[in-house]
Amino acid sequence: MTNSSFERPSEFALIAELFAPLARASGAFGLKDDAALIAPPPDHELVITTDALVEGVHFRSDDPPASIAKKALRVNLSDLAAKSADAAGYLLALSLPRTANMTWLRSFADGLREDQNAFDVSLYGGDTTSTPGPLTIAITAFGFMPHGAMIRRASAKPGDLVFVSGTIGDAGGGLDVLRNGSKDNDYLVDRYREPQPRLKLGRALRGLANAAIDVSDGLLADLGHIAETSGVRIEVEASRIPLSPQLRALWGEDCVIHATTSGDDYEIAFTVADNRQGLIEGIAKLKAATRITEIGRVVAGQGVALLDGNGREIPVPRRGFTHF
Ligand code: ADP
Ligand code: MG
């Protein structure tokens, strides 16, 4: 966010200029009504999720506004992806400090437009208010899916294999690069600023995965949520965790522990019955063009363990990110 002089039109002019063009769905009424209408297709359920991003907590003041917009939308789309929903739209509640000027806001809206095109979603409404506090972006995203098809966290079964998409830890590495000014590493910084919601993969998992979660707090912490809600134990083999060469170069020796406990990956971790292994690998490649890696197993018991090459548990100091 820039700190140049405060130059902003009225709330209504701002909505008309920046946000009305993004409200493409007919049920959004061009943002000219009090509320929007959403009609799920027959026999479908509405899947809905919300995530707020706060300046200084979830993004840095000097992050590009278009990236901030994309991250705000994508972290929500990532939740829909993990549940296997077809994303349809979102609501946007903005709390703006006086330092958020029109230049900043125009770039922010440009970022939203690009992502609406990339992920085929529409803006449906929102709220705009000023704040004496940090800039806050709250997005509520929704999608549809056939009745009963949502992939829950709570349905992993002993014997399932555990997979994860993409590579793990890159966003944590990117944040490290930004914070510590270590040598430029655009790949890692991009992974932190603009995560990829795995919507195609999530869609491909429908009817196949037993349980899924999007990795936002750290892989081990999030697998812990599956283990807890499903009443099972998850064992992960450290040597199988997919790590990018850029992250290995940055973090070296204890890369795996770092990577599995740092947040903001927005990959999908999921479990499938072991007789579906081949099927799931084929489908991920064909339908989602997304790398997936088998990293472990669901067994009876509780908790999550990271295992070394000898099957011994590696002590992990801090499982993942929490806000409180
Ligand atoms: P209300 O009088 O109910 O507070 P507003 O004046 O805040 O309504 O909003 C008018 C219209 O503009 C509504 O359709 C609302 O959804 C939309 N809107 C307001 N702020 C935003 C925003 N940041 N993004 C998208 N739509 C918005
Ligand atoms: Mg209002």
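Every number for a ligand or one of its atoms is a count from 1 in the order of the listing. Numbering of residues begins at 1 and proceeds along the displayed sequence.
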In terms of atom number and element, which parts of ligand 1 are under 4.0 angstrom from non-hydrogen atoms of [X]?
X: E11; value: 6 (O), 7 (O)
X: F12; value: 6 (O)
X: D33; value: 11 (C), 13 (C), 14 (O)

Pick out which of I268, L205, T293, I280 makes a side-chain contact (heavy atoms from CB on, under 4.5 Å) with F163.
->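 Single side-chain contact (heavy atoms from CB on, under 4.5 Å) partner of F163 among I268, L205, T293, I280: I280.
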side-chain contact (heavy atoms from CB on, under 4.5 Å) partner of V232, the single match among V298, V299, V304 = V298
So is [X] polar-close to ligand 1, meaning N/O to N/O under 3.5 Å?
X: D34; result: no
X: K32; result: no
X: Y124; result: no
X: G126; result: yes

Of all the heavy-atom pairs spanning [X] and [Y], show the shortest one and how long it is.
X: T167; Y: D265; answer: O-OD1, 4.4 Å
X: R291; Y: P242; answer: NH2-CB, 3.6 Å
X: I38; Y: P40; answer: O-CD, 3.5 Å

Answer with side chain, backbone, both or neither: which part of [X] has a heavy atom less than 4.0 angstrom from an atom of ligand 1?
X: F29; answer: neither
X: L123; answer: side chain
X: I15; answer: side chain

Just wondering, more than 12 heavy atoms not from D43 lying within 6.0 Å of its CG?
->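 It does not: D43 CG has 12 such atoms or fewer within range.
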With atom 22 (C) of ligand 1 as the reference point, say which of I139, L18, L92, L14 has the nearest heavy atom.
-> L92
Just say parallel, tilted or perpendicular for the rings of Y124 and F142, cut-offs at 30° and 60°.
->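 It falls in the perpendicular class, over 60°.
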Is a salt bridge present between D63 and K70, judged by a nitrogen-to-oxygen distance below 4.0 Å?
->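 So D63 does not pair with K70 through a salt bridge.
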